[in-house]
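Keep in mind that what you see is a predicted model, and the values were worked out from it rather than measured.
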Amino acid sequence: MEIIGPLNIGVLDNDTGGRELHLSFKPEFRILNVQQQTENFQAFIKTLINEIHKLDVADDNRQGMTTILQICEQLKPHIDANELPLEETIVVNIQTHNPFGNIQISG
């Protein structure tokens, strides 16, 4: 499933058995002022929530979108405060062998 928003999202399998999400902000998002970024990112979060609720609980897309939603909710206060270098890629390590979703944000 494709959701259009302010992020480019890449998924890579790493050699430790986990996955890495590579998140980068699109150029059109980076050029917005802080207020516009805040509004745009909040709208993206609302879209994710709405799209997640449309999916069946067993749908694999739902789990992936929920993970992205959780990450975005953690990033939002930093976007609101203009604390993130938006030109850098954010790497999120997800350990697939841990059923409780050991998510670690680095970078």
Side-chain angles (χ1 to χ4, degrees):
M1 171 170 275
E2 183 175 348
I3 301 290
I4 302 200
L7 295 171
N8 291 313
I9 302 169
V11 180
L12 299 170
D13 291 324
N14 61 30
D15 42 342
T16 63
R19 286 197 166 154
E20 290 181 357
L21 294 179
H22 289 232
L23 309 172
S24 60
F25 290 93
K26 293 180 178 178
E28 54 269 16
F29 180 81
R30 293 193 313 243
I31 63 170
L32 299 173
N33 66 42
V34 175
Q35 180 65 33
Q36 292 169 323
Q37 288 173 348
T38 295
E39 292 169 3
N40 185 286
F41 207 71
Q42 182 61 46
F44 177 60
I45 288 172
K46 286 181 183 179
T47 299
L48 281 173
I49 291 168
N50 291 335
E51 292 299 318
I52 288 168
H53 288 302
K54 292 178 185 177
L55 297 174
D56 186 76
V57 176
D59 190 323
D60 288 339
N61 287 317
R62 184 178 176 122
Q63 179 59 43
M65 289 173 64
T66 300
T67 299
I68 298 300
L69 174 62
Q70 291 169 342
I71 294 166
C72 288
E73 289 173 335
Q74 290 185 16
L75 291 176
K76 180 145 181 359
H78 301 288
I79 290 170
D80 295 348
N82 198 25
E83 297 174 339
L84 286 177
L86 300 180
E87 63 282 347
E88 293 185 16
T89 299
I90 299 167
V91 178
V92 180
N93 293 305
I94 300 174
Q95 303 302 319
T96 55
H97 63 275
N98 183 344
F100 299 107
N102 183 15
I103 297 174
Q104 300 173 347
I105 298 177
S106 61

Taking only residues two or more places apart in sequence, or in another chain, which ones meet [X] in a salt bridge (charged side-chain N to carboxylate O under 4.0 Å, His left out)?
{"X": "Asp80", "value": "Lys76"}
{"X": "Lys46", "value": "none"}
{"X": "Asp60", "value": "none"}

So how far is it from [X] [atom1] to [Y] [atom2], rounded to the nearest 0.5 Å?
{"X": "Ile94", "Y": "Leu12", "atom1": "CD1", "atom2": "CG", "value": "11.5 Å"}
{"X": "Thr66", "Y": "Ile52", "atom1": "OG1", "atom2": "CD1", "value": "4.0 Å"}
{"X": "Asn61", "Y": "Glu51", "atom1": "CG", "atom2": "CD", "value": "10.5 Å"}

Which residue pairs satisfy the salt bridge (charged side-chain N to carboxylate O under 4.0 Å, His left out) criterion with at least one member in [range], sequence neighbours excluded?
{"range": "residues 20-43", "result": "none"}
{"range": "residues 65-75", "result": "none"}
{"range": "residues 4-16", "result": "Asp13-Arg19"}

Qualifying residues under side chain to side chain contact (heavy atoms under 4.5 Å, CB included), relative to Pro85, sequence neighbours excluded: Glu87, Glu88

Residues that Asn33 engages under side chain to side chain contact (heavy atoms under 4.5 Å, CB included), provided they are two or more places apart: Gln35, Gln36

Listed once per pair and sorted, the ring-ring contact (aromatic ring centres under 6.0 Å, His included) pairs that draw on residues 3-49, sequence neighbours left out: Phe25-Phe29

Pairs satisfying ring-ring contact (aromatic ring centres under 6.0 Å, His included), at least one member in residues 52-90, at least two apart: none

pair Ile90-Leu75: side-chain heavy atoms closer than 4.5 Å: yes

Within-4.5 Å side-chain heavy-atom neighbours: Ile68 and Leu21: yes

The single option from Thr67, Ile79, Ile45, Leu23 passing side chain to side chain contact (heavy atoms under 4.5 Å, CB included) against Cys72: Ile45

Residues that Asn50 engages under side chain to side chain donor-acceptor pair (under 3.5 Å), provided they are two or more places apart: none

Met65 with Ile49, same ILVMFWY side-chain cluster at under 4.5 Å: yes

